[in-house]
J.: 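Before we start, here is the structure in question, set down as C-alpha cells.
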Protein chains: 2
Amino acid sequence: MRGTDVTSQAKLDFDAWRSRVVERLARDHQRPTPQRLLVAETLFHHGHQNLDELHQHARRADPTLGYATVYRTLKLLEKCGLVNCSNFGDGTARYEINLHAAEHHDHMICTGCGRIVEFENDAIEAMQRQIALAHGFELTSHRMDLYGVCPRCQRRK
Amino acid sequence: MRGTDVTSQAKLDFDAWRSRVVERLARDHQRPTPQRLLVAETLFHHGHQNLDELHQHARRADPTLGYATVYRTLKLLEKCGLVNCSNFGDGTARYEINLHAAEHHDHMICTGCGRIVEFENDAIEAMQRQIALAHGFELTSHRMDLYGVCPRCQRRK
DNA sequence: CTAGGTGCAAACAATTTGCTGCTCA
DNA sequence: TGAGCAGCAAATTGTTTGCACCTAG
C-alpha cells in the first residue's frame with residue numbers, strides 16, 4: 001500500500017533471491033560472475049519472458065552481454081532448480097524465477113493480451129494426487145494453465 | 001476382454017472417426033484425399049505422436065507420402081477441430097484425435113517411459129472455473145499435465 | 001481446362017554447440 | 001597457470017513455405 005513498504009519488501013525479496021543464487025551456484029562449484037548475476041537480476045524483475053526478451057532487457061545494463069551467455073545461464077539456473085521454464089502456446093520457452101523451492105504455482109493466461117497471472121490452489125493439488133494414485137502413478141510434478149480473457153480485455157471488446 | 005469384442009469396438013470407433021473426418025472436410029470444401037485419410041487413420045492408431053513419428057508410421061502404408069503433406073494435413077485437421085496439438089516437455093508438438101468434440105481430457109505422463117494416460121475430472125474442472133471467476137477471467141480452455149512414474153517403471157527400479 | 005493438392009527442397013526461427021581468447025583463483 | 005567462462009558465429013532441429021507438377025471434377 002504505502003510506497004516505502006512495497007519498496008523495502010521488493011528489495012528484501014531481491015536480496016533473498018540474489019543470495020540464494022550465489023549460494024546455490026557456489027554449492028555446484030559454479031562462479032557467480034557478473035553476467036550470471038545480471039541474468040538472475042533480470043529474471044527477477046521480468047518474469048515469464050523468453051530468451052530473446054531477457055537478453056534485450058539485460059543488455060540495457062550490459063550491452064556486451066552475449067545471447068549464448070544468457071542461454072547458458074538460464075540452463076544453468078534451471079539445472080540448479082533456481083528457475084523454471086515453461087511454454088505457453090506461442091512457440092518460445094519462457095522463464096521465471098523459483099524463489100521458494102518447495103512452492104508450486106500455476107498460470108492463468110489471458111488470450112487477449114498475453115498477461116499471466118499466477119495462482120495456487122491446494123484443493124486441486126490434492127485432487128491431482130488422488131488421480132495419480134488411482135492410476136498407480138507416483139506423482140512428481142504437474143502443470144496447469146488456464147486460458148481465458150482477463151477483465152480488462154473483456155471490457156475492451 | 002474377449003478378442004472379438006475389442007476388435008469390433010475398435011472398428012466401430014474407427015469408422016465413426018473416419019466418417020467424421022470426411023464429413024467435416026466436406027463441410028469446409030476440402031477434399032478427402034487418400035493422403036489425408038491416411039494421416040487421419042494413422043492419427044487414430046497412434047495418438048500423442050509428433051510430426052516425424054506420424055510421418056514414419058504413415059509411410060509404411062504409403063511410402064510416397066511427403067512430410068509436408070502430413071504437416072499440412074495436421075494443420076488442416078486442427079483447424080477443423082478434428083485433432084488437438086499439445087506439447088509435453090520435449091521440444092516437439094504432439095497430435096491426437098479429438099473424437100468427441102465437446103469432451104476435454106487431460107494427460108498424465110510417465111517420466112520414465114513417456115507413456116501418456118488420459119483422464120478427465122469434473123471436480124477439478126469446476127474448481128478451475130471458480131478460480132478463473134475469482135480473478136475475473138472468462139475461462140475459455142485449460143491444460144493440465146501430471147508428471148509421475150507409472151506402476152511399471154516403479155517396479156523396474 | 002483449372003482449382004486444389006502433393007512432394008521436393010529450400011527458408012525460417014528458436015535453440016544449441018564449437019571454438020578462441022580471457023579472467024580469476 | 002589452468003579450469004571455467006564469455007562472446008561470436010556456425011550448426012542443428014523443428015517447423016513452415018515456394019514452386020512446379022499432377023489429378024480429379
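Order of the sequence lines sets the chain letters (A, B, ...), proteins ahead of strands, with each chain counted from 1.
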J.: When you get a sec, tell me which of D:dA6, C:dA3, D:dC8 is the closest nucleotide to the side chain of A:T69?
T.: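 Nearest nucleotide to the side chain: D:dA6.
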J.: Hey, can you tell me if A:F119 and B:H135 have their rings parallel, tilted or perpendicular (30° and 60° cut-offs)?
T.: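 Geometry flag for B:H135 against A:F119: tilted rings.
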J.: Without decimals, in angstroms, what is the distance between A:K75 NZ and D:dA6 C1'?
T.: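 Going from A:K75 (NZ) to D:dA6 (C1'), I get 18 Å.
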J.: Among C:dG5, D:dC5, D:dT15, find the nucleotide with the atom closest to the side chain of B:A93.
T.: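 Per side-chain heavy atoms of B:A93, the pick is D:dT15.
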J.: Take the protein atom CZ of B:R94 and the nucleotide atom P of D:dG14, then report the distance between them rounded to whole Å.
T.: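 Checked: the CZ to P distance equals 11 Å.
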J.: Looking at A:T33, does any N or O in its side chain come under 4.0 Å of the phosphate oxygens OP1/OP2 on D:dA6?
T.: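 Yes, within the criterion.
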J.: Separation of B:Q35 atom CD from C:dC8 atom P, in whole Å?
T.: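 One finds 11 Å between P of C:dC8 and CD of B:Q35, rounded.
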J.: Given side-chain contact (heavy atoms from CB on, under 4.5 Å), test B:L43 with B:V83 step by step and report yes or no.
T.: CA-CA 9 Å; B:L43 221 29; B:V83 318; 3.5 Å; yes
J.: Identify, between A:R72 and B:L51, the residue whose nearest nucleotide on DNA chain D lies closer to the 5' end.
T.: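 By nearest-heavy-atom nucleotide position, the 5'-most residue is A:R72.
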J.: What's the CZ-C1' distance between A:R31 and D:dC5, to the nearest Å?
T.: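 For the pair A:R31 CZ and D:dC5 C1', the rounded distance is 7 Å.
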J.: Spell out, as yes or no, whether a donor-acceptor pair under 3.5 Å connects the side chain of A:T111 to the backbone of A:G148.
T.: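 Here the side-chain-to-backbone pair exists.
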J.: Tell me the interatomic distance from B:N50, atom CG, to D:dG14, atom P, rounded to whole angstroms.
T.: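 To the nearest whole Å, that distance equals 8 Å.
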J.: What is the separation between atom CG on B:L76 and atom C1' on C:dT6, rounded to the nearest whole Å?
T.: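 B:L76 atom CG is separated from C:dT6 atom C1' by 14 Å.
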J.: Give a yes or no on whether the ring-centroid distance for A:H45 and A:H57 is below 6.0 angstrom.
T.: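 No: the rings miss the under 6.0 Å criterion.
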J.: D:dA6, OP1 or OP2 - any side-chain N/O from A:R36 closer than 4.0 Å?
T.: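 Yes, because at least one side-chain N or O of A:R36 sits under 4.0 Å from OP1 or OP2 of D:dA6.
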J.: Where do A:R24 and A:C80 come nearest, in terms of heavy atoms and distance?
T.: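 Answer, listing the atom of A:R24 first, then A:C80: NE-O, 3.3 Å.
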J.: Out of C:dA14, C:dT6, D:dT15, which has the shortest distance to the side chain of B:Y67?
T.: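 So the side chain of B:Y67 is nearest to D:dT15.
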J.: Starting at atom OH of A:Y95, determine the distance to atom P of C:dT15, rounded to an integer number of angstrom.
T.: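 Those two atoms, OH and P, are 6 Å apart.
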J.: Distance check: side-chain N/O of B:T64 vs OP1/OP2 of C:dT6, anything under 4.0 Å?
T.: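 Answer no for this pair, as no side-chain N or O of B:T64 is under 4.0 Å from OP1 or OP2.
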J.: OP1 or OP2 of D:dT15 less than 4.0 angstrom from a side-chain nitrogen or oxygen of B:Y71, does that happen here?
T.: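 Answer is no, no contact under 4.0 Å.
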J.: Which is more 5' along DNA chain C, the nucleotide nearest B:Q30 or the one nearest B:R59? Just name the residue.
T.: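 Final value for this comparison: B:Q30.
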J.: Can you figure out which of C:dC8, C:dT17, C:dA3 approaches the side chain of A:A68 most closely?
T.: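 The answer is C:dT17, which lies nearest to the side chain.
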J.: How close or far is atom P of D:dA6 from atom CG of A:L65, stated in whole angstroms?
T.: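 It is 9 Å, rounded to the nearest whole Å.
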